[in-house]
Amino acid sequence: MAAAFVGALTVFLAPDEWAGRLAFAISLIPFVGSLSLWSGFEAGGNALLGGEIAYATRMEWLEVGGRSVSWFVGLDGISLPLFVLTTFLVPLAILSAWTPVDTRQSQFYGLMLFMEANLLGVFAALDFFLWFVFWEAVLVPMYFLIGIWGGPRRKYAAIKFFVYTNAASLLMFIGFMSLVFALGDSVSSFALPEIAQAIAAGDLSAWFGIPADRIAMAAFLAMFLGFAVKVPIVPFHTWLPDAHVQAPTPASVLLAGVLLKMGTYALLRFNFTMLPEQASMLAVPIAAIAVISVIYGAMLALAQKDLKRIVAYSSVSSMGYVILGLIVFTEYGIGGATFQMVAHGLISGLMFMAVGVIYNATHTRMVGDMAGMADRMPVTVGILVAGAFGYMGLPLMAGFAGEFFIFVGSLSAPALPYAPVFTALAMFGIVIVAGYLLSAMQSTLFGPFELETDYDVGPAAFHDVAPLAVLLVAIIVLGVAPDIFFEMIRDAALPVVEGVTIDG
């Protein structure tokens with residue numbers, strides 16, 4: 001985190017002609033550091049439920065309302081994969097910006113590094129106030145990236161993104177603080193492990209005459225709605241297509257690859273880990289929302305003509321699978337949902353990046369404006385097709401592994417009534433995904449070459465294709481050897497599953 005913060009400041013002060021290469025070099029420092037953390041990771045269990053916390057650092061910061069706030073960071077098997085994903089995607093996103101970003105470059109790359117620093121803070125922070133500072137700070141660079149370097153309607157999209165997500169954060173904050181007040185003197189700090197374990201021990205009490213169980217349910221609903229906007233799930237998804245379409249390609253890569261995972265990560269940490277009883281009581285409506293997101297997001301993608309909108313709505317559909325995996329409260333369900341966060345981050349990053357490379361050459365993303373791109377950009381198109389098959393769940397790719405784990409975990413989930421029905425409906429979404437991706441590829445990538453604009457189209461530059469190839473290799477490696485991450489994820493997910501009481 002420190003390297004990204006210092007690097008952001010350094011790049012802000014650098015001349016524009018150096019900014020891109022300097023930012024790329026600096027972004028490799030957190031990536032190498034995360035690989036070192038990964039190689040030395042030995043912690044077990046869940047950090048919030050008494051498990052071992054790897055690389056923990058805690059220093060007292062200040063006192064608020066009789067409770068201490070501290071710089072408390074650390075990693076477990078759930079947060080480490082997302083930490084590594086962030087440091088992996090940022091250098092590739094910066095590299096993909098070398099062609100399209102040609103104005104105010106030092107500011108652009110500085111904001112990218114500043115956003116990376118705060119994203120890493122979200123996944124590492126174990127104190128609520130520290131976590132909330134990082135959570136909110138992520139909005140600032142994304143707002144400027146969309147608002148300054150975005151498309152024709154960039155200001156509208158940036159404001160909509162900020163207002164939606166900031167309002168959701170307020171709702172979530174109120175919900176969590178109601179839990180803290182209801183815990184009373186049983187917690188002396190805002191440390192998430194202390195709060196989670198106090199709730200698990202039954203220390204919630206009535207507050208202002210409101211029974212503890214009602215406070216817990218109200219807090220669950222407030223946090224769920226707040227995080228649902230960030231994911232986003234239907235019907236809170238309307239800000240996402242506008243943000244993606246107007247955002248520059250590198251910002252779209254991080255928005256889909258990492259920022260959306262903030263919402264599902266927070267749902268797992270706060271709602272499903274701290275309040276599993278309330279989650280199980282709402283299992284059916286949450287599973288229904290998940291399936292609706294899968295089907296509705298896929299149907300919306302089917303109706304689009306803009307390639308970026310197609311990929312954006314695909315993200316809504318994919319996040320529905322993650323929600324389904326979380327609500328079933330099984331080892332493979334929660335583990336698969338966390339694995340799918342990583343898999344989707346890689347695949348969506350690849351798809352947005354490939355669409356961006358095609359747009360750089362053609363200056364259009366509309367399906368009807370071009371055809372036969374495979375003749376002019378064979379490598380880019382080949383990688384895009386491979387990424388699309390990853391989205392469709394092709395075996396031996398990361399997307400298949402994540403969805404397979406979720407389906408295995410949800411088919412016989414005792415915590416979810418009618419689990420086979422919900423699972424079967426969600427699996428139908430894969431058919432729709434195949435339909436719209438195959439249709440879009442057939443129209444734009446194959447057949448005789450046609451282009452409505454008068455731009456010359458040829459093979460993309462090496463620095464445009466290289467990040468695509470790296471992402472594709474990572475997707476295949478993770479699909480062939482999912483235990484690279486899945487074993488540590490499952491170890492951290494198991495305590496969450498064990499904390500659920502299933503009636504009857």
Side-chain angles (χ1 to χ4, degrees), residues 146 150-154 156-157 160-161 164 228-229 231-247 249 252-253 255-257 260 288-324 344 347-356 358-359 362-373 381 384-385 387-394 399 403 424-447 450-453:
I146 297 172
R153 303 188 68 206
R154 57 186 178 273
Y156 166 78
K160 188 175 182 180
F161 160 77
Y164 265 65
V229 173
V231 172
I233 56 178
V234 176
F236 309 107
H237 65 287
T238 56
W239 64 268
L240 182 65
D242 291 317
H244 269 310
V245 169
Q246 299 304 318
T249 295
S252 286
V253 170
L255 179 58
L260 303 190
I289 291 172
V291 172
I292 290 171
S293 293
V294 170
I295 303 298
Y296 187 66
M299 294 297 291
L300 286 174
L302 186 62
Q304 305 305 311
K305 295 300 181 183
D306 186 316
L307 289 175
K308 236 185 175 187
R309 280 189 175 271
I310 291 174
V311 182
Y313 281 117
S314 298
S315 293
V316 176
S317 182
S318 294
M319 289 299 97
Y321 289 116
V322 175
I323 301 300
L324 179 63
H344 178 263
I347 297 172
S348 63
L350 170 61
M351 296 292 286
F352 276 112
M353 206 175 287
V355 170
I358 292 175
Y359 178 78
T362 63
H363 294 260
T364 181
R365 295 188 303 263
M366 304 307 293
V367 171
D369 290 351
M370 53 184 160
M373 298 305 298
V381 167
L384 174 58
V385 171
F389 280 115
Y391 239 137
M392 292 181 232
L394 186 72
E403 291 172 0
L425 290 173
M427 292 175 70
F428 182 69
I430 297 175
V431 178
I432 306 176
V433 169
Y436 65 71
L437 286 178
L438 289 173
S439 174
M441 288 190 300
Q442 180 64 38
S443 300
T444 60
L445 305 182
F446 304 107
E450 294 180 15
L451 185 63
E452 291 294 321
T453 61

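Side chains are part of it too, since the values below use all heavy atoms of this structure and drop only hydrogens, waters and symmetry mates.
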Determine, stepwise, if the pair Lys308 / Tyr359 fulfils side-chain contact (heavy atoms from CB on, under 4.5 Å).
CA-CA 10 Å; Lys308 236 185 175 187; Tyr359 178 78; over 6 Å; no
Spacing of [X] atom [atom1] and [Y] atom [atom2] [to the nearest 0.5 Å]:
| X | Y | atom1 | atom2 | value |
| --- | --- | --- | --- | --- |
| Thr364 | Asp306 | OG1 | CG | 8.0 Å |
| Met392 | Ile432 | CE | CD1 | 13.5 Å |
| Lys305 | Arg365 | NZ | CZ | 15.5 Å |
| Leu307 | Asp369 | CG | CG | 10.0 Å |
| Met351 | Leu384 | CE | CG | 5.0 Å |
| Met441 | Leu437 | CE | CG | 6.0 Å |

Decide yes or no for Val355 and Ile310: does some side-chain heavy atom of the first lie under 4.5 Å from some side-chain heavy atom of the second?
no
Less than 4.5 Å apart, any side-chain heavy atom of Val231 and any of Leu260?
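Side-chain contact under 4.5 Å: no.
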Keeping [X] on the side-chain end and [Y] on the backbone end, is there a donor-acceptor pair under 3.5 Å?
| X | Y | result |
| --- | --- | --- |
| Ser252 | His244 | yes |
| Gln246 | Arg153 | yes |
| Trp239 | Val229 | yes |

Donor-acceptor contacts, no H, no angles, side chain residues 292-303, under 3.5 Å, sequence neighbours left out:
unit_1: Ser293; atom_1: OG; unit_2: Val234; atom_2: N; d: 3.1
unit_1: Ser293; atom_1: OG; unit_2: Ile289; atom_2: O; d: 3.0

If you take the centroid of each ring, where Trp contributes its six-membered ring, are Tyr321 and His344 closer together than 6.0 Å?
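Ring-ring flag for His344/Tyr321: false, centres at least 6.0 Å apart.
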Using every non-hydrogen atom in the two residues, find where [X] and [Y] come nearest and quote the distance to one decimal.
| X | Y | answer |
| --- | --- | --- |
| Ala290 | Gly320 | CB-O, 3.4 Å |
| Gly387 | Leu350 | CA-CD2, 3.5 Å |
| Gly349 | Val253 | O-CG2, 3.8 Å |
| Ala157 | Ile146 | CB-CG2, 4.1 Å |

Assess the residue pair Ser314 and Val433 against the criterion (side-chain contact (heavy atoms from CB on, under 4.5 Å)); give the C-alpha distance rounded to whole Å, side-chain angles, the decisive distance to 0.1 Å, and a yes or no.
CA-CA 8 Å; Ser314 298; Val433 169; 5.8 Å; no
Stepwise side-chain contact (heavy atoms from CB on, under 4.5 Å) test for Tyr391 and Ser315
CA-CA 10 Å; Tyr391 239 137; Ser315 293; 3.6 Å; yes
Under the criterion side-chain contact (heavy atoms from CB on, under 4.5 Å), I'd like the reasoning laid out for Phe389 against Ile347: C-alpha separation, chi angles, the key distance, then a yes or no.
CA-CA 10 Å; Phe389 280 115; Ile347 297 172; over 6 Å; no
Assess whether side-chain hydrogen bond (donor to acceptor under 3.5 Å, both in side chains) is satisfied between Tyr164 and Thr238, documenting all intermediate values.
CA-CA 9 Å; Tyr164 265 65; Thr238 56; 3.1 Å; yes
Between Arg309 and Asp242, is there a salt bridge with N-O shorter than 4.0 Å?
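Counted as a salt bridge, because a side-chain N and a carboxylate O are separated by less than 4.0 Å.
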